[in-house]
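Atoms within each ligand, like the ligands themselves, are counted from 1 in listed order.
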Amino acid sequence: MKIALLGYGKMGKKIEEIALKRGHEVILKIDADNRESLTKEELAQADVAIEFTTPATVYENIIFCLDAGVPVVVGTTGWVAHQKEISHYCIEKNGTLFHSSNFSIGVNVLFALNKFLAHCMKGYDDYEISMYESHHTQKLDAPSGTAVTLANQANEFLYKKDSWQTLKNGDKKELKHNEFPVYFDRLDDVTGYHEISYTSPIDRIKISHEAFNRDGFALGAVLASEFVKDKKGIFTTEDLFKFNPSF
Ligand SMILES: NC(=O)c1ccc[n+]([C@@H]2O[C@H](COP(=O)([O-])OP(=O)(O)OC[C@H]3O[C@@H](n4cnc5c(N)ncnc54)[C@H](O)[C@@H]3O)[C@@H](O)[C@H]2O)c1
């Protein structure tokens, strides 16, 4: 498979390493300093583009790939506000878009557990839900895209709490009766940590995931590229891993 990398930072470099090990070819590496050398003709030589850049540049890059008719796998987070618009554009173009706030197998298991736990806790109103995430200090968005996915998943199941609020860990803020807190920290050397807990006066249930390095995200992005290469439409890691519980 011929891969174009849009974004050659920490993730782009790790994806290249894993893609090469899996027998793929990286034919294009675009980063901020050579963005002008990205042309539709060059991009069209690729079977798939993998986009890990920044919240400010991801929108333009996705549109560019869809216009070039190249399937695009998007790992960049912080673009949920554009998701509907981009989905419509992808369908209109008969294009291919694979996106996920987290490509790691472990976090996708956590997504499935999170849904199952919220499903179990529905109606047990003595339990207060809260979430916490921490990442390295260079991360641009807060809360993380993964935390946004986890919070939205819980909201779908918990009818008492149908909204959430982002809070810097340690900050105090009055929450509305239907909101739960999503706390975040930005600390040195944290690749990614997510935790969901339900606390009652008598006990606490907690599930969490801790990434030790970026390998899991990069492998997932390459697996997603292999999965999506010859498909049309919009896909996420739920389609790839199929861990989704059925109730
Ligand atoms: N979905 C996941 O599983 C997952 C996992 C890790 C990181 N991420 C997200 O991926 C994104 C990138 O993460 P990272 O750790 O590689 O960050 P990074 O800062 O190391 O790399 C981003 C790179 O994008 C480059 N860039 C900026 N503008 C560009 C443009 N217009 N075109 C091409 N490249 C451009 C920057 O120069 C930089 O090298 C972030 O949004 C992060 O939150 C997602």
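- Enumerated by chain and number, the residues approaching ligand 1 to less than 4.0 Å through a heavy atom are Gly7, Tyr8, Gly9, Lys10, Met11, Ile30, Asp31, Ala32, Arg35, Phe52, Thr53, Thr54, Thr57, Asn61, Gly75, Thr76, Thr77, Ser100, Ser101, Asn102, Phe103, Lys139, Phe217.
- Rounding to the nearest 0.5 Å gives a distance of 11.5 Å between OG1 of Thr166 and CE of Met131.
- Distance CZ/Phe217 to CD1/Ile105: 12.0 Å, rounded to 0.5 Å.
- Side chain of Glu156 to main chain of Gln153: no donor-acceptor pair is present (N/O by atom type, distance under 3.5 Å, no hydrogens or angles).
- Surrounding NZ of Lys2 are at most 12 heavy atoms belonging to other residues, nucleotides or ligands under 6.0 Å away.
- Of all non-hydrogen atoms in Gly95 and Leu66, the two that sit nearest each other are CA-CD2, 4.3 Å.
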| task | List the steps, then state whether salt bridge (charged side-chain N to carboxylate O under 4.0 Å, His left out) holds for Asp171 with Lys173. | result | CA-CA 7 Å; Asp171 282 0; Lys173 192 171 171 188; over 6 Å; no
